[in-house]
Protein chains: 2
Amino acid sequence: MERPALPLGSPPTERADAVRNRKHLLATAREMLAEQCGADGLTMDGLAERAGLGKGTVFRRFGTRAGIFQALLEDDEHAFQEQVLAGPAPLGPGAAPLDRLIAYGRARVAFMIRHRDIARASLDGRQPIPAGTESPLSRTHIRMLLGQMRLDGADLEMLAIQLTAALDGPPLLYLSASDFTEPTGIEERIGQAWQDLLRRLCGT
Amino acid sequence: MERPALPLGSPPTERADAVRNRKHLLATAREMLAEQCGADGLTMDGLAERAGLGKGTVFRRFGTRAGIFQALLEDDEHAFQEQVLAGPAPLGPGAAPLDRLIAYGRARVAFMIRHRDIARASLDGRQPIPAGTESPLSRTHIRMLLGQMRLDGADLEMLAIQLTAALDGPPLLYLSASDFTEPTGIEERIGQAWQDLLRRLCGT
DNA sequence: ATGCTAAACGGACTTTACCCCGATTAATCT
DNA sequence: AGATTAATCGGGGTAAAGTCCGTTTAGCAT
């Protein structure tokens, strides 16, 4: 009756086998994705069997099919976030807030494009809570940088959400697969538009 | 071998019974949603049975479960769009582009909040093409208004996509259900943030 | 009207996500 | 170390999504 409710380890302590199994399942899932080239074809039964575990275990760990992809994405996001928090400027600390924000957007777009399949597969219209983790990291970071900029009298919380959506939305929802296969340099184009958007936001 | 490929009627002509059945299915779906208060609990079998049609027909018409919600949303969007195209200013024509854009955003946010359940249920991580119709109307309208504003040297196409995402994203992906049940006036808050965002974009 | 053809219909069939609960095992306390 | 407890594991079971193909029917041409 005295749970810290702090995000150190989800429950007070997570059992060792549980941790081991989760990692093993994620690794197996990556293998299957790499081999079968696509998120379809990754079934819960197939994953369980290949990992040598029971189906119940898979569902206990991830709750839902989309949950697996959310976990995969969260995992990669973690590595990405380290670059942002401790990497070289302008992405990492040391540059002016606006420059960091521009650099962050470009990096995030690249990340989203690279993980487009997983990110899309992590969407699940049945979960009432939107993806739970749908970029709280991104949103928090943007929020922090906005706080360091001189934006008088703006609702920074909401602005951060809107900018997060402006970053993730295009690759995730509004651009079709063909936009990325064509040799259009779509990544650079989104990045440039992001930069323009921010420049205007800050008054040139 | 000479299909216009124009969006007049999806295929050259759609058979009358097909049209009738689609409308009937959509109406039945709305009934079920209203009665059961929620998108869950709307099953393909249930819908087919209640509509007095075969399951194959349902899938032929909508392709997938999410397809039904996409169709419902598109339907409502159509009615909404008429208000935008022919309604009173500032939402309808007659006002300055910026004012119209601000008004449009507020209306769109209200629309998304009102249709939040359906919109979320229309998300499907398995369809490679993102929702096919995920707000081409919205995006097109925003694009048009941007074209009427003096925004020198911006990628208006991409900016329109980003702004569309900034509108739809928050209610759809980034705000949890509790944010809307709490008496926080979230709609007004998003609308205000949208207005601020645009004001800054245009240099006050 | 009548025949032709392509499209729509229907419902049985297969696959897959997700649930449940008895068996098992890791962590803790004495 | 050994017992206790609470969480995890396992895999069979259910229901719903999505597929297939033989049958029916609308639209068109003669």
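What you see is a predicted model, and the numbers here were worked out from it, not measured in a lab. Convention: sequence-line order gives letters A, B, ...; per-chain numbering from 1.
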Salt bridge (charged side-chain N to carboxylate O under 4.0 Å, His left out) between A:E49 and A:K55, worked out: CA-CA 8 Å; A:E49 186 178 11; A:K55 204 185 338 182; over 6 Å; no
Pair B:L101-B:M149, side chain to side chain contact (heavy atoms under 4.5 Å, CB included): steps then yes or no: CA-CA 10 Å; B:L101 199 47; B:M149 297 162 65; 4.0 Å; yes
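Going from atom NZ of A:K55 over to atom C1' of D:dG12 covers 8 Å, rounded to whole Å. The interatomic distance linking A:R126 (CZ) with C:dT16 (P) rounds to 17 Å, in whole Å. If you measure from atom CG of A:D45 to atom C1' of C:dT14, you get 13 Å, rounded to the nearest angstrom. Rounded to whole Å, the distance from CZ on A:F59 to P on D:dT14 is 16 Å. For A:F62 and D:dC9, the CZ to C1' distance is 14 Å, given to the nearest whole Å. For the pair A:L42 CG and C:dA17 C1', the computed distance is 12 Å after rounding to whole Å. Following rounding to the nearest Å, A:L47 (CG) and D:dC9 (P) show an atom-to-atom distance of 13 Å. Rounded to an integer number of Å, the gap from A:R20 CZ to D:dA7 P is 18 Å.
For A:R61, a side-chain nitrogen or oxygen approaches OP1 or OP2 of D:dT8 to under 4.0 Å. Not one side-chain nitrogen or oxygen of B:T57 sits closer than 4.0 Å to the OP1 or OP2 atom of C:dA8. In terms of phosphate contacts, A:N21 brings a side-chain nitrogen or oxygen within less than 4.0 Å of OP1 or OP2 of D:dC9.
Below the 3.5 angstrom threshold, one finds no donor paired with an acceptor across the side chain of A:R15 and the base of C:dA27.
Checking B:D17 against B:G56, the closest nucleotide of DNA chain D that is more toward the 5' end is the one next to B:G56. Heavy-atom nearest nucleotides on DNA chain C were determined for A:R60 and for A:T43, and the one closer to the 5' end corresponds to A:T43.
Ion pair A:R22/A:D75 not flagged as a salt bridge, since none of the NZ, NE, NH1 or NH2 atoms sits closer than 4.0 Å to an Asp/Glu carboxylate oxygen. A salt bridge does not link B:R189 with A:E157: none of the charged nitrogens is closer than 4.0 Å to a carboxylate oxygen.
The nucleotide whose nearest atom lies closest to any side-chain atom of B:A16 is, among D:dG10, C:dG10, D:dA26, D:dA26.
The aromatic rings of A:F80 and A:F111 lie parallel to each other, with less than 30° between the two planes, well short of the 60° mark.
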